[in-house]
Protein chains: 2
Amino acid sequence: MTETSVPRERLLEVAERLFSKHGYAAIKLRDVAQAAGLHHSSLYHHAPGGKAQLFADAMQRGLDRHARELRARLDADDGDLRAQLRAAAGWVLANPAGNHARMLTTDLPNLPPEVGERIAVQAWRGLVGALAGVLRDARDRGEIVLDDGDTWLVGGALLAALQALQTADARFAGPRPAAHQADRLLDVFLDGLRPR
Amino acid sequence: MTETSVPRERLLEVAERLFSKHGYAAIKLRDVAQAAGLHHSSLYHHAPGGKAQLFADAMQRGLDRHARELRARLDADDGDLRAQLRAAAGWVLANPAGNHARMLTTDLPNLPPEVGERIAVQAWRGLVGALAGVLRDARDRGEIVLDDGDTWLVGGALLAALQALQTADARFAGPRPAAHQADRLLDVFLDGLRPR
DNA sequence: GTCTATAATTAGATAGAC
DNA sequence: GTCTATCTAATTATAGAC
């Protein structure tokens, strides 16, 4: 049983960063190879299936790590929904290149359908599913009111809104730090816009 | 004063549809030309600056139309925030290829900085700004509570959440129609998750 | 595991006829 | 305004030496 190769790990890490930031079509194999300190022909040793397989392997590895990191943050603040959502927001804002909507709609169609489908499910379960889980727990504790059929809907909306905030931050955010805006966003989700 | 050329309009319409759906890097000039019924070399007559200019012209034209359509829907349901937001949701769900976050983060960096910046501002003003406007109006009518500095934040979150819903719909939505889920999402924005 | 060399194809772009 | 023809460079991929 061989250990996981170190160069392969570094290659996948580099590939994940580039593909996540710029998208599948924009990144060329030479870009990945140069960033990893390899000749582009060497990539075919690690990913015999070529660009599509390299992308799939890199994204699977990245999504797995993302899900673990998010889960860890959510579990660390157990018992209070607001603290959990704030932890989730912190995670999103700390991850520079997160654009899972683009991955789903624009990148995955470049892969064989079964592979793309598996990655889409992995992304959805690991990220939206984790948020849906804490929402369900809070509902069970009586903190919030939420139908079982809507936990994924609200979890997805939360993730999308936070990633949009992260995207917009550099260009359009006001003078206040992103973390403060995320807090304000959580206020809206928890208390609503209408006066109480 | 010449009238706007018809073939040019159709070309821009086709280009906007393809670029919006698949992104700048994935669409080749030959794809656009074929869909428009032209030889790819003919594109340089309409966009002498090549692919980047064709993309910029197409997106500017598309964003202008989007802003007008959204504005029309918002103005049609004047006087009630919920009806206005429902109209906005209907517009988002009716537009198959909307992924403005990807355009901002992944597509625009392929353009000259000034051009990309102008399009980014146009997108933000026309879409998020329109939503921020109806939020501000509702605030002034006393329907909701919202700081002036947060109208754009909440407008952006609304747009992102609705587009994410549209994205997720085909693959992960439950049995209920997207319009119903959009309604439920508006409930959360208006009333919050916490019990009242 | 990595490289050199090379093939095969694709893509953006230009010149010039009609 | 559109086409044919052509060019140049980039891109994915493979074969085989080390």
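Letters A, B, ... mirror the listed sequences (proteins, then strands); counts begin at 1. As a basis for the values below, the full set of heavy atoms in this structure was taken, side chains included, without hydrogen atoms, waters or symmetry mates.
- Using modelled atom types and a 3.5 Å distance limit, the side chains of B/D80 and B/Q84 yield no donor-acceptor pair.
- Using the six-membered ring where Trp is involved, A/F19 and A/Y24 have ring planes that are parallel, under 30° apart on the 30 and 60° scheme.
- At C/dT2, none of the side-chain N or O atoms of A/H45 fall inside 4.0 Å of OP1 or OP2 (strictly under the cut-off).
- Rounding to the nearest 0.5 angstrom, the gap separating the NE2 atom in B/H22 from the CG atom in B/D107 is 12.0 Å.
- Close to D/dG1, at under 4.0 Å from its OP1 or OP2, lies no side-chain N or O of B/S42.
- For the 3.5 Å distance criterion, the side chains of B/Q60 and B/D64 fail to qualify, holding no donor opposite an acceptor.
- Between B/H46 atom NE2 and D/dT2 atom C1' there is a gap of 8 Å when expressed in whole angstrom units.
- Note: CD (A/Q34) to P (C/dT2) measures 16 Å, nearest angstrom.
- Note: A/H100 and A/H66 have perpendicular aromatic rings, judged against thresholds of 30 and 60 degrees for the angle between ring planes.
- In this structure, B/L43 places its CG atom 14 Å from P of D/dT4, rounding to the nearest Å.
- With values rounded to the nearest 0.5 angstrom, A/L54 atom CG is found 11.0 Å from A/M59 atom CE.
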Margin query: Please encode protein proximity along nucleotides 12-18 of chain D as a string of B, S and -, counting only heavy-atom distances under 4.0 Å.
Written below: BBB----
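- Nucleotide C/dA13 holds its C1' atom 19 Å from the CZ atom of B/F55, rounded to whole Å.
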